[in-house]
Amino acid sequence: QVQLVESGGGLVLAGGSLRLSCTVSGLTFKGNNMAWFRQTPGKEREYVAGISWTGDTTNYADSVKGRFAISRDDAENTGYLQMDDLRFDDTATYYCALKPWGATTSEAHRYTYWGQGTQVTVSS
C-alpha cells in the first residue's frame with residue numbers, strides 16, 4: 001500500500017519559516033516526480049512547487065518563487081518543502097503528490113499518489 005505522509009505544518013508568524021516533509025512508503029521514491037500543492041476552503045487545489053524524478057529540475061509558482069525551496073532525499077524516501085518569509089496568504093492545507101516517471105507538471109490530475117495534507121497557518 002502506497003502512503004505519503006506529510007508533516008511539519010503548524011502555526012507561524014508572518015515572516016517565519018516552516019519545513020514540510022513528505023515521507024513515502026510502499027513504492028520506490030526514486031523514479032517519481034514530486035510536487036507540493038495547497039488548498040484553502042472553497043478554492044481549487046493550487047500548485048506550489050515540483051521536482052523531477054532526477055532531482056535536477058525544480059519549478060515554482062510565481063507566488064512562492066524566491067521564498068520556498070523543494071528538495072528530495074531518495075535514500076530517505078522523503079521530500080521536503082522549505083518555506084521562508086511566510087505570508088498570511090500562504091495559509092492552506094499542503095499536500096505532497098507523486099507522478100511516476102515522465103516530466104514534472106503543475107497539473108494536479110496527472111499525479112497518481114497523494115498525501116492526507118498538513119495544515120499551515122500564518123498569522124499576521
Side-chain angles (χ1 to χ4, degrees):
Q1 181 182 359
V2 177
Q3 283 192 315
L4 281 64
V5 179
E6 300 97 337
S7 60
L11 175 64
V12 64
L13 291 174
S17 298
L18 284 174
R19 188 193 196 201
L20 305 184
S21 298
C22 174
T23 302
V24 178
S25 62
L27 57 68
T28 301
F29 185 47
K30 185 176 176 65
N32 282 273
N33 300 287
M34 187 191 76
W36 289 91
F37 291 80
R38 65 187 181 186
Q39 190 170 23
T40 54
K43 292 188 177 181
E44 290 188 359
R45 197 161 291 191
E46 174 191 20
Y47 176 81
V48 175
I51 185 167
S52 63
W53 67 270
T54 59
D56 59 2
T57 300
T58 57
N59 295 292
Y60 298 92
D62 288 343
S63 59
V64 306
K65 208 170 287 184
R67 300 188 297 121
F68 290 12
I70 189 171
S71 61
R72 61 188 297 153
D73 184 339
D74 290 346
E76 295 294 328
N77 273 11
T78 301
Y80 303 97
L81 185 67
Q82 177 67 40
M83 305 187 296
D84 297 322
D85 189 22
L86 283 160
R87 304 168 181 170
F88 178 75
D89 289 348
D90 295 320
T91 296
T93 301
Y94 284 72
Y95 300 88
C96 64
L98 298 183
K99 172 185 176 292
W101 306 108
T104 186
T105 176
S106 62
E107 298 176 327
H109 72 274
R110 296 191 180 276
Y111 286 81
T112 305
Y113 305 105
W114 290 83
Q116 82 292 345
T118 185
Q119 178 66 36
V120 172
T121 302
V122 183
S123 63
S124 56

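The analysis underlying the following values was restricted to heavy atoms, covering all of them including side chains, and did not include hydrogens, waters or symmetry mates.
- In terms of the side chain to side chain contact (heavy atoms under 4.5 Å, CB included) criterion, residue partners of Ala61 (sequence neighbours excluded) are, by chain and number, Ser63, Val64.
- What you find for Val5 and Gln116 is that their closest heavy atoms are CA-OE1, 3.8 Å.
- Checked against ring pair (Phe, Tyr, Trp, His ring centres under 6.0 Å), Tyr111 has the following partners two or more places apart in sequence or in another chain: Phe37.
- Applying the disulfide (SG to SG under 2.5 Å) test to residues at least two apart or on different chains, none of the pairs has a partner in residues 39-90.
- In this structure, the side-chain hydrogen bond (donor to acceptor under 3.5 Å, both in side chains) partners of Asp90, at least two apart in sequence or on a different chain, are Arg38, Arg67.
- Between Thr112 and Pro100 the shortest heavy-atom distance is OG1-CD, 3.5 Å.
- Atoms CD1 and CG, from Ile51 and Asn32 in turn, are 12.5 Å apart once rounded to the nearest 0.5 Å.
- Cluster partners of Trp53, using a side-chain heavy-atom cutoff of under 4.5 Å among ILVMFWY residues and allowing indirect links, are Trp101.
- At least one donor-acceptor pair closer than 3.5 Å links the side chain of Arg72 to the backbone N or O of Ser52.
- For residues 58-82, there are no ring pair (Phe, Tyr, Trp, His ring centres under 6.0 Å) pairs, not counting sequence neighbours.
- In this view, Ser106 satisfies the side-chain hydrogen bond (donor to acceptor under 3.5 Å, both in side chains) rule with no residue, not counting sequence neighbours.
- Under the 4.5 Å side-chain criterion, counting only non-hydrogen atoms from C-beta, Glu6 is not in contact with Tyr94.
- Annotation: side chain to side chain contact (heavy atoms under 4.5 Å, CB included) contacts of Asn59 (sequence neighbours excluded): Tyr47, Thr57, Thr104.
- Evaluation of the side-chain hydrogen bond (donor to acceptor under 3.5 Å, both in side chains) rule for Glu107 yields Arg110 as partners, not counting sequence neighbours.
- In this structure, the separation between CG on Leu86 and OG on Ser124 is 12.5 Å, given to the nearest 0.5 Å.
- Of all the heavy atoms in Thr40 and Ala92, the pair that sits closest is CG2-CB, 3.6 Å.
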Which side-chain N or O atoms in residues 13-31 pair as donor and acceptor under 3.5 Å with protein atoms at least two apart or in another chain?
{"from": "Ser17", "atom 1": "OG", "to": "Asp84", "atom 2": "OD1", "distance (Å)": "2.8"}

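- Annotation: salt bridge (charged side-chain N to carboxylate O under 4.0 Å, His left out) contacts of Asp89 (sequence neighbours excluded): none.
- Residues Trp36 and Tyr95 do not share a hydrophobic cluster, defined by chaining ILVMFWY side chains whose heavy atoms lie under 4.5 Å apart.
- In this view, Asp62 and Lys65 satisfy the salt bridge (charged side-chain N to carboxylate O under 4.0 Å, His left out) rule, not counting sequence neighbours.
- With rounding to the nearest 0.5 angstrom, the OG1 atom of Thr78 is 9.5 Å from the CE atom of Met34.
- Here the shortest heavy-atom pairing between Thr105 and Lys99 reads CG2-CD, 3.7 Å.
- Listed for the Thr91 side chain is a donor-acceptor partner under 3.5 Å among the backbone atoms of Val122.
- Under a hydrophobic-cluster definition in which Ile, Leu, Val, Met, Phe, Trp and Tyr are linked whenever side-chain heavy atoms come within less than 4.5 Å, directly or via other members, Trp114 and Leu81 are assigned to different clusters.
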